[in-house]
Amino acid sequence: MIESIFGTAAAGESALTLGHALLTLGVAIGLGLLISLTYMRTQPAYSPSFTLTMIVLPTIVAIIILLIGSNIARAFSLAGAFSIIRFRSAPGDAKDISYVLFSMAAGLACGVGAFGYAVLFTIVLCVLMLVLKAVKFGASRPAMKTLKVTIPESLGYEEAFAEVFRLHQVGYELKRVRTTELGSLYEVMYSVQMGPQTNQKEFLDALRVRNGNLDITLTMSPVVQEY
């Protein structure tokens with residue numbers, strides 16, 4: 001019974017019937033809808049047109065496979081017809097491309113009659129996408145920034161701004177200290193990590209109060225060691 005459910009429809013050339021065609025289209029539309037809903041749940045922002053494409057694409061692929069069957073001449077004819085169509089679209093990210101391939105694979109499985117495998121693989125991949133989204137797999141950490149602060153020699157640089165960092169919830173690491181202006185000033189360089197809740201202007205204003213309104217530089221590039 002299991003083999004009959006997950007088996008392909010045709011071992012050779014088989015006649016296309018209305019019932020088989022309607023079943024194929026129904027399964028393809030259902031799987032496309034499931035893929036589209038998964039895409040919307042796993043993307044923070046998405047295009048409505050792309051979500052509609054996720055529903056229609058498996059059906060289109062299934063129709064193409066149904067029309068081709070095992071007829072080689074028909075396959076070349078359809079390939080020639082589609083070659084004259086030009087698609088223009090903005091390049092998407094890798095995740096969007098993976099969903100397009102996902103939808104095409106579901107439509108291909110429906111087109112050859114492997115409905116059981118089509119449903120199984122779609123459910124497994126949708127669950128996988130949701131799990132990866134839930135655990136935030138591959139999420140990038142906040143970028144490290146370079147902070148250079150000039151302070152007078154009377155101000156101890158070791159803990160000069162520790163309270164400011166703590167109040168504004170900024171992670172920091174002291175990278176370098178050097179003297180400037182013939183030793184009358186210190187230039188202190190930190191590697192800092194700001195969270196989404198940090199107000200950069202308020203943070204820099206608090207540093208200016210501590211260093212007597214001397215030079216402060218905040219860059220978005222990683223820290224580069226200078227020798």
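Quantities reported herein were computed from a predicted structural model and do not represent experimental measurements.
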Self-check item: Gln200 and its side-chain contact (heavy atoms from CB on, under 4.5 Å) partner, picked from Asp205, Val170, Leu218
Solution: Leu218
Quiz item: Are Val192 and Leu174 connected in a single hydrophobic cluster, I mean Ile/Leu/Val/Met/Phe/Trp/Tyr linked by side-chain heavy atoms less than 4.5 Å apart?
Solution: yes
Quiz item: Is the closest side-chain heavy-atom distance between Thr179 and Glu187 below 4.5 Å?
Solution: no
Quiz item: Checking ring pair (Phe, Tyr, Trp, His ring centres under 6.0 Å) against Tyr172, which of Phe161, Phe165, Phe203 comes through?
Solution: Phe165
Practice problem: Quick one: pull up CG in Leu132 and CG in Leu128 and give me the separation to the nearest 0.5 Å. | Solution: 4.5 Å
Quiz item: What are the two closest non-hydrogen atoms of Asn211 and Thr150, and how far apart are they?
Solution: ND2-O, 2.9 Å
Quiz item: How about Phe50 and Tyr39: are their ring centroids closer than 6.0 Å?
Solution: yes
Quiz item: How close do Met104 and Leu57 get, heavy atom to heavy atom, and via which atoms?
Solution: CG-CD2, 3.7 Å
Quiz item: Val135 and Leu125: same hydrophobic cluster, using ILVMFWY side-chain contacts below 4.5 Å?
Solution: yes
Quiz item: Taking the side chain as C-beta and beyond, is there a heavy-atom pair between Asp96 and Gln43 under 4.5 Å?
Solution: yes
Quiz item: Is any side-chain heavy atom of Ile216 closer than 4.5 Å to a side-chain heavy atom of Leu147?
Solution: yes
Quiz item: Out of curiosity, Thr17 OG1 to Leu23 CG, how far, rounded to the nearest 0.5 Å?
Solution: 9.0 Å
Quiz item: Taking the side chain from Ser36 and the backbone from Thr51, do they hold a donor-acceptor pair closer than 3.5 Å?
Solution: yes
Quiz item: Aromatic rings Phe115 and His20: how do their planes relate, parallel, tilted or perpendicular, breaks at 30° and 60°?
Solution: tilted
Practice problem: Please tell me if the side chains of Leu214 and Ile151 come closer than 4.5 Å, counting only heavy atoms from C-beta onward. | Solution: no
Quiz item: What is the minimum heavy-atom distance between Thr53 and Pro58, and which atoms define it?
Solution: O-CD, 4.5 Å
Quiz item: Do you know the tightest heavy-atom contact between Cys110 and Leu31?
Solution: SG-CD1, 3.7 Å
Quiz item: Looking at side-chain heavy atoms only, is the closest gap between Arg41 and Lys133 below 4.5 Å?
Solution: no
Self-check item: Worked check of side chain to side chain contact (heavy atoms under 4.5 Å, CB included) between Met189 and Thr146
Solution: CA-CA 7 Å; Met189 185 174 73; Thr146 303; 3.8 Å; yes
Self-check item: Minimum heavy-atom distance between Leu34 and Cys126, given as atom pair plus value
Solution: CG-SG, 3.9 Å
Quiz item: Is there a side-chain contact between Arg176 and Lys148, using heavy atoms and a 4.5 Å cut-off?
Solution: yes
Quiz item: Are Thr42 and Tyr99 linked by a side-chain donor-acceptor pair shorter than 3.5 Å?
Solution: yes
Practice problem: Drop me the distance from Ile65's CD1 to Leu108's CG, to the nearest 0.5 angstrom. | Solution: 5.0 Å
Quiz item: When hydrophobic residues are tied together by side-chain contacts of less than 4.5 Å, even through go-betweens, does Ile60 share a cluster with Leu52?
Solution: no
Quiz item: Once you round to the nearest 0.5 Å, how far does OG1 of Thr59 lie from CG of Leu25?
Solution: 6.5 Å
Quiz prompt | Nearest non-hydrogen partners of Ser103 and Ile35, listed with the distance | solution = OG-CG2, 3.7 Å
Quiz item: Do Leu37 and Met40 pass the side chain to side chain contact (heavy atoms under 4.5 Å, CB included) test, and can you show the C-alpha distance, the side-chain angles, and the key distance before you say yes or no?
Solution: CA-CA 5 Å; Leu37 291 174; Met40 290 188 291; 3.4 Å; yes
Quiz item: For the hydrophobic clusters of this structure (ILVMFWY residues joined by side-chain heavy atoms under 4.5 Å, transitively), does one cluster hold both Leu185 and Val188?
Solution: no
Exercise. Can you label the angle between the Tyr117 ring and the Phe121 ring as parallel, tilted or perpendicular, going by 30° and 60°?
Key: parallel
Quiz item: In terms of hydrophobic clusters joined by side-chain contacts under 4.5 Å, are Leu130 and Val124 together?
Solution: no
